**Q** 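First the structure, which I've put down as structure tokens, then a few questions once you've had a look.
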Amino acid sequence: MDFISSISNSLRYGAIQATNSRYKVFLLLLAGTLLLRGQLLFTYELDHDVSTYSVMANEWLKGHLPFVDYVDVKPIGIYAIFASAIFAFGNTLIAARILAILFIAGTGFNVYRILIGFNRSQVFSLGSGLLFLLLASLHKWSWASNTEIFFVFFTSWGAFKILNAKRNTDYLWFGFACGLGFIIKYHVLFDYTALGVFWLILSWKHESIKTLFYRLGSSFAAFLLPFALVNFFYWVTGNYSSFLEVSFGIPSRYSNNPGIIERLQFLGEFYLAFLPLSILLIIGFLDSEKDERISLLSGIWIIMVWLAIFATGKSFFHYYYQALLPLSIFALEAIRIGKHRSIKILRRYAWLFLSLGVLGSLIAQYSQLKSRKHDPVISLERDLKNKIKAGDRIYIQKKNILYFTLDKSPIEKFVHNTLMFNQDHIDAFGISLKDEYDRIKEVSPNFIVIPETGNAYLDNFISENFKIDTVYSPNLVLWTKNN
């Protein structure tokens, strides 16, 4: 036990030394994120949603406007982020992953700063920041560079601003930061509301009505500013109707209403996945010596996050990422204040447990990513790069990442892998399959990537004009046009 204690004390001493400046803290958190997600940089496709962002962002850089030339329902902010990554780092899968690492490290840094603002120690605050990095990389649903990684950063930045507000401009920054998150995913409205309600409760007895109205009003104006600018952009370019249809029309038709049991099961699976932290969260709530401020914020924020997740009507696991921010901020409170012997042991060896968690995460990543090295799409991409010429066109079914890696513009308008093959999506988006496939026939691409049979709209066209080049799997066949 003395040996383990010395390791824990060494880690604790190293952490204290690393917090001599905020600059060093951020670098430490960035190094931790690189350690946790370094393996993910060089793997192939991790998520078909992220592939869609890459394709649409790359096409935007070529002058093809999201929601007009190519359609998906995510707000424009995610395409702007991916376009920035591609512009900065080139047409590579690594581009968005590098940006994701920076945003995750930034979120961990904001967790650290939020807790410093609550007068927590440097070690405790840094530990919570590192805990967020671990939670953000532990499960495979958080490995891809999805929307949640980016909007949660802006939420955490806004939270830091309002929880440590000293000047009127801090309220503007709070609203603006959450507003930037809002144009990545509209769920941020729930986080903004949670933080605003918490601030209002604490400030109600100490500020005048005029001051409260001014600060909340100015923050809300700043919150709306990014979205207003997006509206203005589409109005000026003459594409406002397309923007309204994607922002409001399609989502109104694309809804689901799961039962209460299904919702509770989805919520329960999250807290079971992080059971030790869930137990600590409950202990922290029940402790008589708890900090009433942080307990109030915890309760409001967690409830609002789950309302945001439930509002989607969907149960995609990457939605869990939004709940990681309040969990990482509040879960360790029980360790800080608890007096039970088991809590004291946890407090004494917390850094060791955190290190073991990091090791377990890296082993899990390695074991799961190892099998991806033999993905047949990798071989297909390599062969196409040797065969395809500058002016050639290609149609790719359900493997849209190839449009990005080959730097080829899609023929179809609806580039997400599922939109033309899921009846709910077809109805919500108002897709005319005949029109889309007629467009493909009209272009008459040089290559087609599609299963050997099974597309009623294209089977005859392909059999008359194409021949099989290579079969990589039953669902991945390369067809080349007849000479």
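In this text the structure is predicted, and so the values were computed from the model without any measurement. Throughout, numbering of the chain's residues begins at 1 and tracks the sequence.
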**Q** Looking only at atom types and distance, does a side-chain atom of N164 sit under 3.5 Å from a main-chain N or O of F160, one as donor and one as acceptor?
**A** yes

**Q** In plain terms, say whether K185 and E148 are close enough for a salt bridge, that is, a side-chain N and a carboxylate O under 4.0 Å apart.
**A** yes

**Q** Using a strict cut-off of less than 4.0 Å between a Lys/Arg side-chain nitrogen and an Asp/Glu carboxylate oxygen, indicate whether D469 and K387 qualify as a salt bridge.
**A** yes

**Q** Let me see the working for F274 and L324 under side chain to side chain contact (heavy atoms under 4.5 Å, CB included), right down to the final yes or no.
**A** CA-CA 10 Å; F274 301 107; L324 295 181; 3.8 Å; yes

**Q** Do V68 and S242 come within less than 4.5 Å of each other through their side chains, counting heavy atoms only?
**A** yes

**Q** Can you see which heavy atom on Y79 is nearest to which on P66, and at what distance?
**A** CD1-CB, 4.1 Å

**Q** Heavy atoms, side chains only, cut-off 4.5 Å: are L325 and I329 in contact?
**A** yes

**Q** For a ring pair (Phe, Tyr, Trp, His ring centres under 6.0 Å) with F317, tell me which candidate from Y321, Y320, Y319 qualifies.
**A** Y320

**Q** Do T193 and F190 have side chains that get closer than 4.5 Å, going by heavy atoms?
**A** no

**Q** Under 6.0 Å from the CZ atom of F233, do we count more than 12 heavy atoms belonging to anything else shown?
**A** yes

**Q** Please say whether the positively charged group of K74, taken as NZ for Lys or CZ for Arg, lies over the ring of Y53, i.e. under 6.0 angstrom from the six-membered ring centre and within 45 degrees of the axis.
**A** no

**Q** Would you find more than 12 non-hydrogen atoms of other residues, nucleotides or ligands less than 6.0 Å from F232 atom CZ?
**A** no

**Q** With a 6.0 Å cut-off (strictly less than), is the heavy-atom count around CH2 of W173, excluding the residue itself, greater than 12?
**A** no

**Q** Quick check for you: to the nearest 0.5 Å, what is the distance between E436 atom CD and I426 atom CD1?
**A** 10.5 Å

**Q** Can you measure from OG1 (T155) to CG (N110) and round to the nearest 0.5 angstrom?
**A** 10.0 Å

**Q** What are the two closest heavy atoms between R253 and D427, and how far apart are they?
**A** NE-O, 4.1 Å

**Q** Do N475 and Q397 pair up side chain to side chain, a donor and an acceptor below 3.5 Å, judged on atom types alone?
**A** no

**Q** Rounded to the nearest 0.5 Å, how far apart are OH of Y457 and CG of L433?
**A** 4.5 Å

**Q** Please name the pair of heavy atoms, one in V111 and one in S328, separated by the smallest distance, quoted to 0.1 Å.
**A** CG2-OG, 4.0 Å

**Q** Are side-chain N/O atoms of D383 and T470 paired as donor and acceptor at under 3.5 Å?
**A** no

**Q** Could E381 and K399 be called an ion pair, given the rule that one side-chain N must be under 4.0 Å from one carboxylate O?
**A** no

**Q** Give the minimum heavy-atom separation between I78 and F150, together with the two atoms involved.
**A** CD1-CD1, 3.7 Å

**Q** Show the atom names and distances, to 0.1 Å, of all donor-acceptor pairs under 3.5 Å that link a side chain in residues 26-38 to residues at least two apart or in another chain.
**A**
from	atom 1	to	atom 2	distance (Å)
T33	OG1	L29	O	2.8
R37	NH1	A136	O	2.9
R37	NH1	S137	OG	3.3
R37	NH1	S142	O	3.1
R37	NH2	S142	O	3.0
R37	NH2	W143	O	2.7

**Q** Carefully, step by step, assess F266 and F270 under the rule ring pair (Phe, Tyr, Trp, His ring centres under 6.0 Å).
**A** CA-CA 7 Å; F266 188 64; F270 172 81; 8.7 Å; no

**Q** Once rounded to the nearest 0.5 Å, what's the spacing between atom CG of N58 and atom CE of M56?
**A** 12.0 Å

**Q** Tell me whether S128 contacts the main-chain N or O of F124 through its side chain, where contact means a donor paired with an acceptor under 3.5 Å.
**A** yes

**Q** Given the rule in the side chain to side chain contact (heavy atoms under 4.5 Å, CB included) test, do M420 and F429 qualify, once you have shown the distances and angles that lead to the verdict?
**A** CA-CA 9 Å; M420 291 170 61; F429 282 74; over 6 Å; no

**Q** For the residue pair F82 and F87, establish whether any side-chain heavy-atom pair is separated by less than 4.5 Å.
**A** no

**Q** With no hydrogens and no angle check, is any side-chain donor or acceptor of N422 less than 3.5 Å from a backbone partner on T418?
**A** no

**Q** Which atom names give the shortest non-hydrogen contact between S298 and F285, and what distance separates them?
**A** OG-CZ, 3.0 Å

**Q** Could you tell me whether the side chain of I76 reaches within less than 4.5 Å of the side chain of F243, counting heavy atoms only?
**A** no

**Q** Just how far is it from atom CG of L478 to atom CD1 of I396, taken to the nearest 0.5 Å?
**A** 9.5 Å

**Q** Please round to the nearest 0.5 Å and tell me the distance separating atom OG of S409 and atom CD of E59.
**A** 3.5 Å

**Q** Please lay out, stage by stage, how L277 and L135 fare under the test side chain to side chain contact (heavy atoms under 4.5 Å, CB included).
**A** CA-CA 10 Å; L277 294 177; L135 298 184; 3.7 Å; yes

**Q** For the pair D69 and W60, evaluate side chain to side chain contact (heavy atoms under 4.5 Å, CB included) and give the outcome as yes or no after the intermediate values.
**A** CA-CA 9 Å; D69 299 301; W60 192 3; over 6 Å; no

**Q** Any luck finding a side-chain donor-acceptor pair between H416 and D49 under 3.5 Å?
**A** yes

**Q** Closest heavy-atom contact between F153 and G106?
**A** CD1-C, 3.7 Å

**Q** Does any part of the side chain of L402, heavy atoms only, come nearer than 4.5 Å to the side chain of K408, both counted from C-beta?
**A** no

**Q** Is N446 close to T480 at the side-chain level, that is, under 4.5 Å between some pair of heavy atoms?
**A** no

**Q** Among F174, W157, F182, find the residue that satisfies the ring pair (Phe, Tyr, Trp, His ring centres under 6.0 Å) test when tested with Y192.
**A** F174

**Q** Walk me through it: do F310 and H187 pass the test ring pair (Phe, Tyr, Trp, His ring centres under 6.0 Å)?
**A** CA-CA 10 Å; F310 290 156; H187 297 172; over 10 Å; no

**Q** Is any side-chain N of the basic residue among K62 and D407 closer than 4.0 Å to the acidic one's carboxylate O?
**A** yes

**Q** Is the shortest side-chain heavy-atom distance between R97 and F42 below 4.5 Å?
**A** no

**Q** Could you tell me whether the side chains of Y403 and E412 share a donor-acceptor contact shorter than 3.5 Å?
**A** yes

